[in-house]
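Presented below is the structure to which this report refers.
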Amino acid sequence: MTLRLYDTSARQIRDFTPLAPGRVSIYLCGATVQAAPHIGHIRSGLNFDIMRRWFAHRGYDVTFVRNVTDIDDKIITKSAEQGRPWWAIGYANERAFDDAYTALGCLPPTYEPRATGHVPEMIEMMRGLIDRGHAYAADGNVYFDVRSFPGYLSLSNQDLDDLRQPSGEGETGKRDPRDFAMWKAARPGEPSWETPWGPGRPGWHLECSAMAHKYLGRAFDIHGGGVDLVFPHHENEIAQSKAYGDDFAAYWLHNAWVTMSGEKMSKSLGNSVLVSEMVRQWRPIVLRYYLGTPHYRSMIEYSEDALREAEAAFGRIEGFVQRAVELAGSVEPAAEVPEEFAAAMDDDFGVPQALAVVHTTVRQGNAALAENDKDAVAGALAGVRAMLGVLGLDPLDAHWAGGDSAGRGEELAEVVDALVGLVLEQRQAARARKDYATADAIRDQLQRSGLVIEDTPSGPRWELGSRGTR
């Protein structure tokens, strides 16, 4: 089946045809590092991580660029409020984003350029746009002349006559209020870089056009980001890049928001949930399941109940994997995923439908476990691991088992298993002497510790329980 994507610019699902056979190039608008990330910020990176993994599974060589906006109005405002250097705020929050991406199992990008490291490329692009009549300098600012580009607003499907372009402080000298700033003139006490038009700093939109051009060339396959970036950010990127002479992105993909009480999660609204706080309350793999398994174009309404449901659902998958390993031993992921799973992922990354295949395979595997059919269990486990690997959710992967190597995780599991085994032996001894009160007390204590004890014909076994049992 041909891989098909919903292209925002076409407003329909299109067959995906890469510009270069066997290769996929992706540019994702990354973090603006004025504050630590909440789960709404991380959803975008996680969604595109799953897309990237699927392209790789399909045999493509993927180049994935995710930028860092380390200078803009918000960072400068934070610097003034906190009395800290702008670069210190940016760096600390960039590290917080990196920690969050890593905690949730996102693969590192091929390149992760910072805006402040690409001012020469921005100057070159502005010079070219001024020479072509698409931009002009005024009062130390450089603006893009939107009327000079006939295709402007085709992505967001707006009417130019009704446009209200967001503008920042100090944006003086515009010929038309709808023109947008590519470069902002220096103001006292603010960071600045020298240009032929005077000292200043980058506009938000220019950086992505310049960095996409540098790392992916004049044309690339996919540009992604949150749906809130369609206008003005992505619309202005298109205008700059195409007016400069680039073909720019062939497909535009946008993920939906995480909402609270029906509103977009954001720090300005005071309704954000920081990733650093969430990973102390929930296992990171459960957060990945919660944020990554809805369709990327569907809104996620945040709630504790929804997280508990995600934890229980993933617990059923993880429980099968654990029991299957006990019976069948170490089983490598299958080379291919089931056809139904592949068809779902090829259809605009239909993760919910793909996940249904995972759960069906788990049920089949559990039936094989009940019949002690080792070969069938091994086959189900191989298939489940292959599918979970695409979604970044394989609990046996080294990332979840203990960092860069599974060794320490396996060692810890062995220690815990030995300690729990010792306690279970004491419980069995109490049961043997018909001291049921002690046996029940031991079981209850283990459950309060977050363990679920199951008595089986071959003896008691344990596993981590869901949050509701702790």
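Atoms considered below: every heavy atom in the structure, side chains included; atoms not considered: hydrogens, waters and symmetry mates.
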May I ask you to say whether [X] pairs ionically with [Y], meaning some side-chain N is under 4.0 Å from a carboxylate O?
X: R114; Y: E94; result: yes
X: D98; Y: R95; result: no
X: D49; Y: R288; result: yes
X: R218; Y: D247; result: no
X: R201; Y: D72; result: no
X: E318; Y: R323; result: no
X: E277; Y: R280; result: no
X: R14; Y: D7; result: yes
X: R58; Y: D346; result: yes

Could you tell me whether the side chain of [Y] reaches within less than 4.5 Å of the side chain of [X], counting heavy atoms only?
X: E304; Y: W282; answer: yes
X: M51; Y: L5; answer: no
X: F180; Y: Q240; answer: yes
X: H234; Y: S156; answer: no
X: N255; Y: R297; answer: no
X: P113; Y: V65; answer: yes
X: V358; Y: R363; answer: no
X: L391; Y: R53; answer: no

Determine whether more than 12 heavy atoms belonging to other residues, nucleotides or ligands lie under 6.0 Å from atom [atom1] of [X].
X: E81; atom1: CD; answer: yes
X: Y91; atom1: OH; answer: no
X: R164; atom1: CZ; answer: no

Least distance between heavy atoms, [X] atom then [Y] atom:
X: P232; Y: P166; result: CG-CG, 4.0 Å
X: V227; Y: A256; result: CG1-CA, 4.3 Å
X: A334; Y: A386; result: O-CB, 3.4 Å
X: P108; Y: R52; result: O-NH1, 2.7 Å
X: I50; Y: G292; result: CD1-O, 3.5 Å
X: V258; Y: L291; result: CG2-CD2, 4.1 Å

If you round to the nearest 0.5 Å, how far is [atom2] of [Y] from [atom1] of [X]?
X: E332; Y: L396; atom1: CD; atom2: CG; result: 9.5 Å
X: L104; Y: L287; atom1: CG; atom2: CG; result: 5.5 Å
X: F48; Y: C29; atom1: CZ; atom2: SG; result: 9.5 Å
X: M122; Y: W183; atom1: CE; atom2: CH2; result: 6.5 Å
X: N93; Y: I75; atom1: CG; atom2: CD1; result: 8.0 Å
X: H399; Y: T102; atom1: NE2; atom2: OG1; result: 7.0 Å

Whether [X] side chain and [Y] backbone form a donor-acceptor pair below 3.5 Å:
X: D221; Y: Y251; answer: no
X: R11; Y: L155; answer: yes
X: D179; Y: V146; answer: yes
X: T110; Y: F64; answer: yes
X: H57; Y: G389; answer: no
X: T361; Y: V357; answer: yes
X: N67; Y: G30; answer: yes
X: E311; Y: V286; answer: no
X: D15; Y: R4; answer: no

Output, in order, the C-alpha distance, side-chain angles, deciding distance and verdict of side chain to side chain contact (heavy atoms under 4.5 Å, CB included) for V24 and T63. CA-CA 6 Å; V24 176; T63 300; over 6 Å; no
Would you please classify the geometry between the [Y] ring and the [X] ring as parallel, tilted or perpendicular, with 30° and 60° separating the classes?
X: F314; Y: Y289; value: tilted
X: Y101; Y: F97; value: tilted
X: F149; Y: F144; value: perpendicular
X: W252; Y: H254; value: parallel
X: F349; Y: F55; value: perpendicular
X: H41; Y: H38; value: parallel
X: W86; Y: W193; value: perpendicular

For Y215 and H118, what are the C-alpha separation, side-chain angles and deciding distance, and is it a ring-ring contact (aromatic ring centres under 6.0 Å, His included)? CA-CA 11 Å; Y215 292 96; H118 296 79; 5.4 Å; yes
Evaluation steps, side chain to side chain contact (heavy atoms under 4.5 Å, CB included), between L253 and T8: CA-CA 6 Å; L253 274 63; T8 305; 5.9 Å; no
For the residue pair Q353 and H295, confirm or rule out a side-chain donor-acceptor distance under 3.5 Å. no
Cation-pi geometry met for R66 and Y111 (6.0 Å, 45°): no
For the pair I222 and Y27, evaluate side chain to side chain contact (heavy atoms under 4.5 Å, CB included) and give the outcome as yes or no after the intermediate values. CA-CA 6 Å; I222 295 170; Y27 186 95; over 6 Å; no
Kindly determine whether T32 and Q34 satisfy side chain to side chain donor-acceptor pair (under 3.5 Å), including the steps that lead there. CA-CA 6 Å; T32 299; Q34 87 274 14; 5.1 Å; no
Given S209 and E237, is the side chain to side chain donor-acceptor pair (under 3.5 Å) satisfied, shown in steps? CA-CA 6 Å; S209 288; E237 281 186 63; 4.7 Å; no
Kindly indicate, with the supporting measurements, whether the criterion side chain to side chain contact (heavy atoms under 4.5 Å, CB included) is fulfilled by F320 and R316. CA-CA 6 Å; F320 162 71; R316 290 190 290 272; over 6 Å; no
